[in-house]
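Only a predicted model underlies this, so the values are computations on that prediction, with no experimental measurement involved. Residue numbering restarts at 1 for every chain, and letters A, B, ... go by the order of the sequence lines.
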Number of protein chains: 2
Amino acid sequence: MSRSELSLSEHLADSIVEIIRTERLVPGDALASSRDLARRFDVTTPTVREALRRLEATGVVEFRHGSGTYVGPGSERRLLANPHLPRGSRESVLELVEARLVLEPAVAAAAARTRVPEAVARLEAASTNALHPPQESLRQSVHFHVALAAASGNALLREAVEALLQVRAREQVEIRHRYNDRARDHAEHVEIFAAVRDGDAEAAERLTREHLGSIREAVLAADFPEVGAEDEGRADSAPEEAGARDAGPMDTGAADAGATGAGAETGVAR
Amino acid sequence: MSRSELSLSEHLADSIVEIIRTERLVPGDALASSRDLARRFDVTTPTVREALRRLEATGVVEFRHGSGTYVGPGSERRLLANPHLPRGSRESVLELVEARLVLEPAVAAAAARTRVPEAVARLEAASTNALHPPQESLRQSVHFHVALAAASGNALLREAVEALLQVRAREQVEIRHRYNDRARDHAEHVEIFAAVRDGDAEAAERLTREHLGSIREAVLAADFPEVGAEDEGRADSAPEEAGARDAGPMDTGAADAGATGAGAETGVAR
DNA sequence: ACTCATAAAGTGAATAGATCACTTGATCTC
DNA sequence: GAGATCAAGTGATCTATTCACTTTATGAGT
């Protein structure tokens with residue numbers, strides 16, 4: 001009936017998702033080749049590519065030139081950060097931190113109530129492993145906050161926090177790199193962990209609020225590079241391999257979004 | 001210079017985003033035609049299409065066959081729901097409601113503290129306009145919760161709630177359609193609005209928690225179609241009308257009225 | 001046997017040039 | 001002036017190739 005109101009390539013994308021699901025493919029598994037898919041669905045390769053590109057944008061599939069197409073981490077993710085964001089100003093980072101300030105304390109409280117053992121273990125690991133190199137600390141922190149959300153037992157909550165942390169990840173790196181007190185960060189993480197471990201929801205909530213409050217202060221103190229000059233700054237201080245290959249289970253590579261590069265930042269925002 | 005490890009179409013996608021930004025294009029504005037873009041960037045049309053498809057996936061652009069390519073609502077959105085989700089079970093809907101139960105009370109409290117006037121007005125409209133037809137009520141409810149988040153003054157918070165509401169939108173429609181008490185829903189909305197209007201953060205938080213709690217009960221009571229048979233089941237028991245597909249436009253205003261002739265839409269005129 | 005270079009096959013990336021379907025607006029009736 | 005008609009522009013898709021990269025199996029050379 002109302003079947004194909006969808007464009008061919010849209011329908012194709014859905015069909016491919018269907019394949020991933022019915023064949024129980026998980027991230028990392030290989031997909032049939034473009035040519036195979038084209039034959040199977042009786043369309044041409046450019047059409048298949050369009051469908052795959054579309055899925056790639058949300059992380060459902062990944063391309064590896066010369067090797068094949070693989071299922072990506074987005075295949076089991078419900079929320080995600082827009083990978084194609086324009087400009088970033090201090091305001092946008094501040095807005096992000098303030099959003100986290102509203103949401104994460106509640107998440108911490110939920111985590112302290114549920115305390116999923118596995119996630120609590122990861123939480124401890126993320127708060128114990130201390131003071132690593134520069135870059136590492138941000139990743140550590142991301143791990144901590146994600147593990148915190150995971151401890152709530154609600155995967156969607158974890159995804160929400162993950163997605164939030166991915167927004168403006170680049171700018172967050174910049175700020176933390178320059179202004180954040182890693183020692184204090186670490187100490188606060190330890191305190192939050194203890195509260196969660198002890199099942200003290202009230203304390204977990206309050207401590208998380210204070211923790212993010214101090215991050216907020218750091219952002220306010222930062223003389224964030226204004227739009228227009230922001231290209232150089234981030235290009236040489238943030239090497240692009242922040243990527244994903246190392247750690248185990250839930251590492252989603254928060255910072256790897258896309259190193260845009262490309263020059264000619266002419267405009268001034270607003 | 002710009003270490004281009006990116007595929008050509010990835011780079012192209014970023015360039016197009018750059019165009020949208022530097023030319024100050026807003027949702028609804030037309031983009032150059034595929035052929036033009038191909039010429040301008042000296043690539044072929046299939047390559048341009050790949051880039052555009054990728055952007056389409058996140059709502060940054062929209063295609064209109066025979067007419068052109070337009071800027072979409074996603075161009076100014078940082079968080080979004082994965083448009084390619086597999087199966088939906090009762091568990092997943094329950095998980096969603098419980099995530100909202102954790103997050104939204106805090107959002108409501110923030111809203112009561114900030115009370116952005118414009119958003120509060122929309123909040124009142126969404127809670128006053130009572131008991132419309134079946135389908136309409138869900139949309140009304142979405143409007144309410146989004147306006148609530150918007151009243152916090154933090155756009156990212158609003159986007160987070162929007163994205164959350166888009167997840168499993170179809171299943172949510174189904175459940176509300178069958179199990180939810182619209183009258184009670186409405187009454188609770190009115191109470192929450194009053195609390196926000198009066199700047200009573202504590203009450204707003206508690207009322208929102210209770211409100212979502214009752215929605216949670218409705219979900220628990222629902223005998224939702226189980227996984228496995230849902231392939232066919234979903235297709236014919238949930239026609240694809242108000243679901244996820246057109247949840248987007250509500251923010252951009254323009255296209256909203258088209259869906260039903262019910263009118264009375266609080267004009268979002270521009 | 002073992003190591004290492006190398007060739008072959010498979011795959012994604014992109015090109016080139018068309019054809020068809022749809023929308024839109026201007027022209028042409030009536 | 002209202003409506004039908006037509007043509008230009010645009011997206012959607014196809015057919016046919018070529019190039020670049022990865023992986024693997026082959027086959028020296030040691």
Side-chain angles (χ1 to χ4, degrees), chain A residues 2-16 19-20 25 27-72 74-75 243 245 258-259 261-262, chain B residues 2-16 19-20 25 27-57 59-72 74 245 254-255 258:
Chain A
S2 56
R3 262 300 167 207
S4 50
E5 295 276 338
L6 317 172
S7 78
L8 180 46
S9 77
E10 275 178 324
H11 187 248
L12 239 185
D14 282 334
S15 300
I16 292 170
I19 288 179
I20 293 176
L25 300 182
D29 288 354
L31 232 56
S33 75
S34 302
R35 292 170 175 87
D36 273 355
L37 290 172
R39 270 192 296 274
R40 183 169 345 169
F41 290 105
D42 199 46
V43 296
T44 56
T45 49
T47 307
V48 169
R49 298 195 106 250
E50 279 185 34
L52 290 173
R53 279 285 182 221
R54 165 180 248 262
L55 295 178
E56 188 204 13
T58 59
V60 175
V61 306
E62 278 176 358
F63 291 105
R64 294 183 211 162
H65 189 171
S67 173
T69 310
Y70 299 80
V71 176
S75 66
R245 291 316 139 202
Chain B
S2 51
R3 282 258 55 83
S4 209
E5 314 245 343
L6 318 172
S7 77
L8 181 45
S9 78
E10 275 177 324
H11 187 249
L12 240 184
D14 282 333
S15 299
I16 292 170
I19 288 178
I20 293 176
L25 300 181
D29 287 354
L31 233 57
S33 75
S34 302
R35 291 172 176 84
D36 274 354
L37 290 172
R39 269 192 297 273
R40 181 168 348 166
F41 291 105
D42 199 47
V43 295
T44 56
T45 49
T47 308
V48 169
R49 299 198 105 250
E50 281 183 34
L52 290 172
R53 278 286 183 218
R54 160 189 275 269
L55 295 177
E56 188 205 13
V60 175
V61 306
E62 279 176 358
F63 292 105
R64 294 183 210 163
H65 190 171
S67 174
T69 310
Y70 299 81
V71 177
R245 197 145 302 281

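Under 4.0 angstrom from either OP1 or OP2 of C:dT15 there lies at least one side-chain N or O belonging to B:Thr47. Of the side-chain N and O atoms in A:Arg53, one or more sit less than 4.0 angstrom from OP1 or OP2 of C:dA14. For the OP1/OP2 pair of C:dG12 and a distance below 4.0 Å, the side-chain nitrogens and oxygens of A:Ser34 include at least one atom meeting the criterion. Contact check, A:Thr69 against C:dG12: a side-chain N or O comes under 4.0 Å of OP1 or OP2.
Within the 4.5 Å cutoff, the side chain of B:Glu10 has heavy atoms near those of the B:Arg54 side chain. Contact annotation: the side chain of B:Val48 never approaches that of B:Phe41 to less than 4.5 Å [non-hydrogen atoms, C-beta and beyond]. Counting only heavy atoms from C-beta outward, the side chains of B:Leu31 and B:Ile20 approach each other to under 4.5 Å. Side-chain contact between A:Val43 and A:Glu50 is absent, with no heavy-atom pair separated by less than 4.5 Å.
Tested against A:Leu55 for a side-chain contact (heavy atoms from CB on, under 4.5 Å), the candidates A:Ile16, A:Leu12, A:Asp14 yield a single pass: A:Ile16.
Regarding A:Leu52, its CG atom lies at a distance of 9 Å from the P atom of C:dA13, rounded to whole Å. Computed from coordinates, the A:Leu31 CG to C:dG12 P distance equals 9 Å when rounded to whole Å. Atoms CZ (A:Arg54) and C1' (D:dA12) sit 14 Å apart, rounded to a whole Å. Across the protein-nucleic acid pair, B:Glu50 atom CD and D:dG11 atom P stand 16 Å apart, rounded to whole Å. Between B:His11 atom NE2 and C:dA14 atom P there is a gap of 12 Å when expressed in whole angstrom units. D:dT13 atom P lies 5 Å from atom CG of A:Leu8, rounded to whole Å.
Near DNA chain D, meaning a heavy atom under 4.0 Å from it, residues 36-45 of chain B has no residue at all.
Counted by atom type alone, A:Arg53 and B:Ser9 present one or more donor-acceptor pairs between their side chains at under 3.5 Å.
Between B:Arg64 and A:Pro46, the residue whose closest nucleotide on DNA chain C is further toward the 5' end is A:Pro46.
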Which atoms of nucleotides 18-20 of chain D (N or O only) lie under 3.5 Å from a protein N or O atom, and what are those distances?
| residue | atom | partner | partner atom | Å |
| --- | --- | --- | --- | --- |
| D:dA20 | N3 | A:His65 | NE2 | 3.4 |

